[in-house]
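Residue numbers start from 1 in every chain, and the chains themselves are labelled A, B, ... in the order their sequence lines are given, proteins ahead of strands. Values below: every heavy atom of this structure, side chains too, minus hydrogens, waters and symmetry copies.
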Amino acid sequence: MPDNEIASIHRRIIEWYEREQRPLPWRTPDCTAWGVLLSEVMAQQTPVARVAPIWAEWLDRWPTPADLAAAAPGEAVRHWGRLGYPRRALRLHAAATAIANDHDNVVPSDPVQLQALPGIGSYTAAAVAAFAYGVRTVVVDTNVRRVEARLFTGDALAAPSLTAAESRLAATVLPDDDTDAATWNVAVMELGAVVCTATNPDCGACPVLDSCAWQRAGAPAYDGPARKSQKWAGTDRQVRGKLLQALRDAHGPLPRAQLDLVWSDAAQRDRCLAGLIEDGLVEPLGDERYALPS
DNA sequence: GACACGTGGCC
DNA sequence: TGGCCAAGTGT
């Protein structure tokens, strides 16, 4: 693709973003890097609409990493509520502790330092550096992968997991200018989130429709490897969720007999409780009672 | 690279 | 109705 067309795509997507972006609370100028970090971890595999209220509550309760670090990890798990994947709450607590102890309570701006923190992988490290500090870095999430697969490659959807080719492509199309790169990163994600969606994309609202390789190819259906669907009913994940929900809802330790009520299959229940303890999400008190970690 | 890991909304 | 999907990470 010629340089001038790339430049045109940059301009149209950035202008679209300036015009159409959703007013998410962590995008306001006064949002701290800690607020950005919280929002990114909470939004991992979780729709932003469900994140917003929990994010506000957390930031109000724990305005800086040191505030969260001073709380019991179980409090983080409790206030995680029903966001899902509660290990994220535990890792956020551990990350806050590391930031408070090793980084003078300041969220790092270096993606390498960020990625060394618990629960922060390659995507989140790049996102925090880019969104909180304006660092020119390649941010690649599921939205970016889908938008770029369609726009530049002509595929209906990205591969099931991030490929080296996708990372290279994302790096290649990142604007050179720091300010443009910063806006581009958030703008492509936003385009994927609200227009170039996985199912039923709103192509009529797309600012780069006439540059879209997928559109030019006649919008063919996805023909890559099948994505395997996640089972839920009856799985350990459901049981773990029920056990943890019981402990969140009880505002103190729970006797074993109480936990036994949440699932009838004793063997599966025991295995899941042991797993939660192993993961540090539940603490056995040694007297047949269990609690969120202190 | 495959797999485990929560939860709820949507069509 | 139920499969699909949502700002992924760690093992």
Side-chain angles (χ1 to χ4, degrees), chain A residues 17 21-22 24-27 35-55 77 80-92 94-95 114-132 137-147 156-164 166-167 170 185-194 196-202 221-222 225-248 262 268 271-272 275-276 278-282:
Chain A
Y17 177 75
Q21 62 174 285
R22 294 167 295 175
L24 301 179
W26 44 86
R27 286 182 184 157
V36 172
L37 191 160
L38 281 183
S39 76
E40 290 303 332
V41 173
M42 288 180 172
Q44 290 168 1
Q45 299 287 285
T46 306
V48 298
R50 285 174 45 208
V51 166
I54 305 291
W55 178 84
V77 175
W80 194 251
R82 304 187 62 78
L83 229 36
Y85 292 148
R87 287 187 289 195
R88 291 183 291 167
L90 226 40
R91 290 176 179 150
L92 227 21
L114 283 161
Q115 199 170 341
L117 298 169
I120 302 204
S122 130
Y123 161 73
T124 305
V128 171
F131 303 156
T137 184
V138 187
V139 179
V140 187
D141 79 327
T142 188
N143 291 302
V144 172
R145 295 176 55 224
R146 183 177 54 252
V147 170
L157 290 174
S161 57
L162 179 65
T163 65
E166 289 173 347
S167 295
N185 278 324
V186 68
V188 176
M189 278 180 59
E190 185 77 348
L191 187 65
V194 306
C196 193
T197 50
T199 56
N200 300 117
D202 185 8
Y222 175 72
R227 303 153 131 62
K228 61 171 183 261
S229 64
Q230 289 198 339
K231 299 271 184 281
W232 172 246
T235 62
D236 284 3
R237 281 200 288 176
Q238 184 185 20
V239 180
R240 288 168 57 105
K242 282 182 175 294
L243 288 167
L244 220 44
Q245 185 183 1
L247 284 163
R248 278 196 313 264
V262 309
Q268 186 179 21
R271 179 176 70 239
C272 290
L276 288 168
E278 175 71 24
D279 292 344
L281 284 162
V282 173

To the nearest Å, give me how far apart [atom1] ([X]) and [atom2] ([N]) are.
X: A/Tyr222; N: C/dC5; atom1: OH; atom2: C1'; result: 14 Å
X: A/Leu90; N: C/dG10; atom1: CG; atom2: P; result: 13 Å
X: A/Arg237; N: B/dC3; atom1: CZ; atom2: P; result: 13 Å
X: A/Glu278; N: B/dA4; atom1: CD; atom2: P; result: 17 Å
X: A/Glu166; N: B/dG1; atom1: CD; atom2: P; result: 12 Å
X: A/Leu162; N: B/dA2; atom1: CG; atom2: P; result: 14 Å
X: A/Gln230; N: C/dG8; atom1: CD; atom2: P; result: 12 Å
X: A/Tyr123; N: C/dA6; atom1: OH; atom2: P; result: 13 Å

Non-hydrogen atoms of A/Tyr222 and A/Ala156 that approach each other most closely
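For A/Tyr222 and A/Ala156, the tightest heavy-atom pair comes out as N-CB, 3.5 Å.
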Could you pull out the closest heavy-atom pair between A/Val144 and A/Val139, with the gap in Å?
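Nearest heavy atoms, A/Val144 then A/Val139: CG2-O, 3.6 Å.
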Shortest side-chain distance from A/Gln44, nucleotide among C/dC5, C/dA7, C/dG8
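Out of C/dC5, C/dA7, C/dG8, the nucleotide with an atom closest to A/Gln44's side chain is C/dG8.
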So if I take every side-chain heavy atom of A/Arg91 and compare against C/dC5, C/dG8, C/dG10, which nucleotide ends up nearest?
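So the side chain of A/Arg91 is nearest to C/dG10.
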Heavy atoms only, 4.0 Å cut-off, all strands: where does [X] land among base, sugar-phosphate and nothing?
X: A/Ala198; result: sugar-phosphate
X: A/Thr197; result: nothing
X: A/Ala193; result: sugar-phosphate
X: A/Arg271; result: nothing
X: A/Trp80; result: nothing
X: A/Thr235; result: nothing
X: A/Leu83; result: base
X: A/Gly121; result: sugar-phosphate
X: A/Leu24; result: base
X: A/Gln238; result: nothing

Nearest-nucleotide 5' precedence on DNA chain B, A/Leu244 against A/Asn200
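Nearest nucleotide further toward 5': that of A/Leu244.
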Earlier contact from the 5' end, DNA chain C, for A/Ile120 and A/Pro47:
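Between the two, 5'-proximity favours A/Pro47.
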May I ask you to verify whether the side chain of [X] and the base of [N] hold a donor-acceptor pair under 3.5 Å?
X: A/Arg87; N: C/dT9; value: no
X: A/Arg50; N: B/dG8; value: no
X: A/Thr46; N: B/dG6; value: yes

Does one side chain, of A/Tyr123 or A/Gln44, offer a donor that lies under 3.5 Å from an acceptor on the other?
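On atom types as modelled, these side chains do not qualify, holding no pair under 3.5 Å.
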Is A/Glu190 paired with A/Arg27 through a side-chain N to carboxylate O contact shorter than 4.0 Å?
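Answer for the salt bridge query: yes.
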Are [X] and [N] close enough that a side-chain N or O sits under 4.0 Å from OP1 or OP2?
X: A/Thr124; N: C/dT9; value: yes
X: A/Arg88; N: B/dT7; value: no
X: A/Arg146; N: C/dC5; value: no
X: A/Gln45; N: C/dG8; value: yes

Quick one, A/Leu243 and A/Leu247 - any side-chain contact, counting heavy atoms below 4.5 Å?
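Side chain of A/Leu243 against side chain of A/Leu247, heavy atoms only: no contact under 4.5 Å found.
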For A/Val36, does its backbone N or O pair with a side-chain atom of A/Ser39 as donor and acceptor, under 3.5 Å?
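Present.
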Using atom P of each nucleotide, how far apart are C/dT9 and B/dG8 to the nearest Å?
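About 22 Å, rounded to a whole number of Å.
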Taking atom P in both B/dA4 and C/dA7, compute the distance separating them and give it to the nearest angstrom.
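Between the two P atoms, the distance is 23 Å.
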State whether A/Tyr85 and A/Arg237 meet the cation-pi test: NZ (Lys) or CZ (Arg) under 6.0 Å from the six-membered ring centroid, and within 45° of the perpendicular axis.
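A/Arg237 over A/Tyr85 ring: no.
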